[in-house]
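To keep things clear, I will list the structure first and then write my remarks on it.
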Amino acid sequence: MRIVIAGAHGKIARQLGAMLVERGDSVLGLIRNPDHAAELRADGVEPQLADLEHTDVTALAALLSDVDAAVFAAGAGPGSGAARKDTVDRAASALFADACERAGIHRFVQVSSMGTTKPNPPDVDPVFGAYLDAKRAAEADLRRRSLDWTILRPGRLTDDPPTGRVALAEAVGRADVTRADVAAVLLALLGEPASARRSLELAGGETPIREALRAALG
C-alpha cells in the first residue's frame, strides 16, 4: 500500500513509517518543518511539506491522489498552549479527513488519547483539558464521516524499548505504553479491515499484539 502519515516526524510516526517501509509499503510523510526531511528520507519515507495549520483542503488533497490509507499522528506537542491544541489536535485532524475524502482515501487511522470518553475532571490542568477537548472533538468529527476510520487511544506514552505485548480493547485500565508498541499496533490496524469504525484503548500488557488485536475485534 501507499500510506500517508500526518505528523510524520513525531516519535510514534517515525517508528511507524520505518515499520511500513520495512514491510514493503510506500510512505508519504507530511511535515511542517523542512529540517526534518532528511531524517525521513533516511527512514525510507518520502517527506512532503504540508503545514496543516496553514493550508487548505484543495492543496492538501492534491498531495494525496495516489494514497491508499491515512494515519493522523500529528499533535501540538508538549509546551504548546491551549490554542494550538485546538488548531492541531482538532482542526488539523478535520482538515486531513476532509482532504482524504476529497482524494478518495477510505481507510483512516486516528491516534487519539485515553480520557476522551468521559468529561474532564474538575481539577484538570487547563492546557491538558484543552488537549482532551480537542481530541474528543476530533473523534466526534471522524465518527460522523463515511471513512473506514479506526480510533486508537493510547495510555501514557514512554520511550522504553518495545515489549510486543499490550492490553487492547474498547476499554482498558490506564497504564503506560511504549511509543514503539503503539506504532506496532498502528501497523497491525492498517492491515485489519475488521478494525474499521472501531475505537480501541491501548496500554502495556501481557498479550502479544496480534493476539490482542484478534481478541479486541472479536
Side-chain angles (χ1 to χ4, degrees), residues 5-20 36 71-93 96 108-143 149-190 192 195 198-213 215-217:
I5 304 175
H9 192 261
K11 290 184 177 181
I12 292 171
R14 277 198 70 187
Q15 295 187 70
L16 173 61
M19 290 175 183
L20 287 165
H36 294 158
V71 178
F72 185 82
S80 58
R84 289 204 69 229
K85 303 303 184 190
D86 184 70
T87 57
V88 179
D89 292 278
R90 180 198 61 79
S93 170
F96 189 51
F108 192 105
V109 178
Q110 169 96 293
V111 181
S112 189
S113 172
M114 282 193 188
T116 60
T117 60
K118 54 188 176 183
N120 296 343
D123 60 345
V124 70
D125 172 81
V127 174
F128 187 66
Y131 168 76
L132 290 176
D133 289 342
K135 287 296 190 185
R136 194 177 290 115
E139 289 186 17
D141 171 81
L142 200 54
R143 285 193 293 269
W149 52 262
T150 301
I151 294 168
L152 183 66
R153 304 182 184 116
R156 193 180 76 86
L157 301 168
T158 77
D159 290 321
D160 294 332
T163 69
R165 294 176 177 271
V166 298
L168 181 68
E170 289 187 2
V172 301
R174 181 178 288 274
D176 293 354
V177 61
T178 74
R179 288 179 170 87
D181 286 333
V182 177
V185 170
L186 292 169
L187 181 77
L189 286 170
L190 280 166
E192 181 47 77
S195 68
R198 299 286 299 272
S199 301
L200 299 170
E201 292 188 352
L202 172 65
E206 299 300 325
T207 307
I209 288 172
R210 285 288 179 183
E211 184 180 330
L213 184 58
L217 299 178

Whether His36 and His9 hold their rings parallel, tilted or perpendicular, with breakpoints at 30° and 60°: parallel
Closest non-hydrogen atom pair between Gln15 and Ala183, with its separation: CB-CB, 3.9 Å
Side-chain heavy atoms of Arg136 within contact of Asn120, under 4.5 Å: yes
Test side chain to side chain contact (heavy atoms under 4.5 Å, CB included) applied to Val166 and Val182, step by step: CA-CA 9 Å; Val166 298; Val182 177; over 6 Å; no
Separation between CG of Leu168 and CG of Asp181, rounded to the nearest 0.5 Å: 11.0 Å
Check: Gly77 main-chain N/O paired with Lys85 side-chain donor or acceptor under 3.5 Å: yes
Any Lys135 side-chain heavy atom under 4.5 Å of Leu132 side chain: no
Atom pair NZ/OG1 of Lys11 and Thr178 - distance to nearest 0.5 Å: 12.5 Å
Non-hydrogen side-chain atoms of Val109 and Leu186 separated by less than 4.5 Å: yes
Nearest heavy-atom neighbours spanning Ala138 and Ser93: CB-OG, 3.8 Å
Test item: Leu200 and Val185 side chains (from C-beta on) under 4.5 Å apart, heavy atoms: no
Least distance between heavy atoms, Ala13 atom then Ala73 atom: CB-CB, 4.1 Å
Side-chain (Asp89) to main-chain (Tyr131) donor-acceptor, under 3.5 angstrom: no
Of Asp159, Thr158, Asp160, the residue whose pairing with Arg179 passes side-chain hydrogen bond (donor to acceptor under 3.5 Å, both in side chains): Asp159
Between CE on residue Met114 and CG on residue Leu152, distance to nearest 0.5 Å: 9.0 Å
Distance (rounded to the nearest 0.5 Å) between Phe128 CZ and Ser113 OG: 5.0 Å
Minimum-distance pair of heavy atoms, taken over all atoms of Met19 and Ala180: CE-O, 3.7 Å
Residue pair Arg153 / Thr117, side-chain heavy-atom distance below 4.5 Å: yes
Heavy-atom pair of closest approach, residues Ala188 and Ile209: CB-CG2, 4.4 Å
Non-hydrogen atoms of Phe72 and Val88 that approach each other most closely: CZ-O, 3.6 Å
Leu217 CG to Thr150 OG1 distance, which is reported to the nearest 0.5 Å: 8.0 Å
Glu139 and Ser199 side chains, donor-acceptor separation under 3.5 Å: no
Side chain to side chain, Arg165 and Pro208, heavy atoms closer than 4.5 Å: yes
More than 12 heavy atoms from other groups under 6.0 Å of CZ on Arg210: no
Lys/Arg-Asp/Glu bridge criterion (N-O < 4.0 Å) met for Arg90, Asp86: yes
Matching residue for Glu201 among Val177, Thr116, Val172 - test: side-chain contact (heavy atoms from CB on, under 4.5 Å): Val172
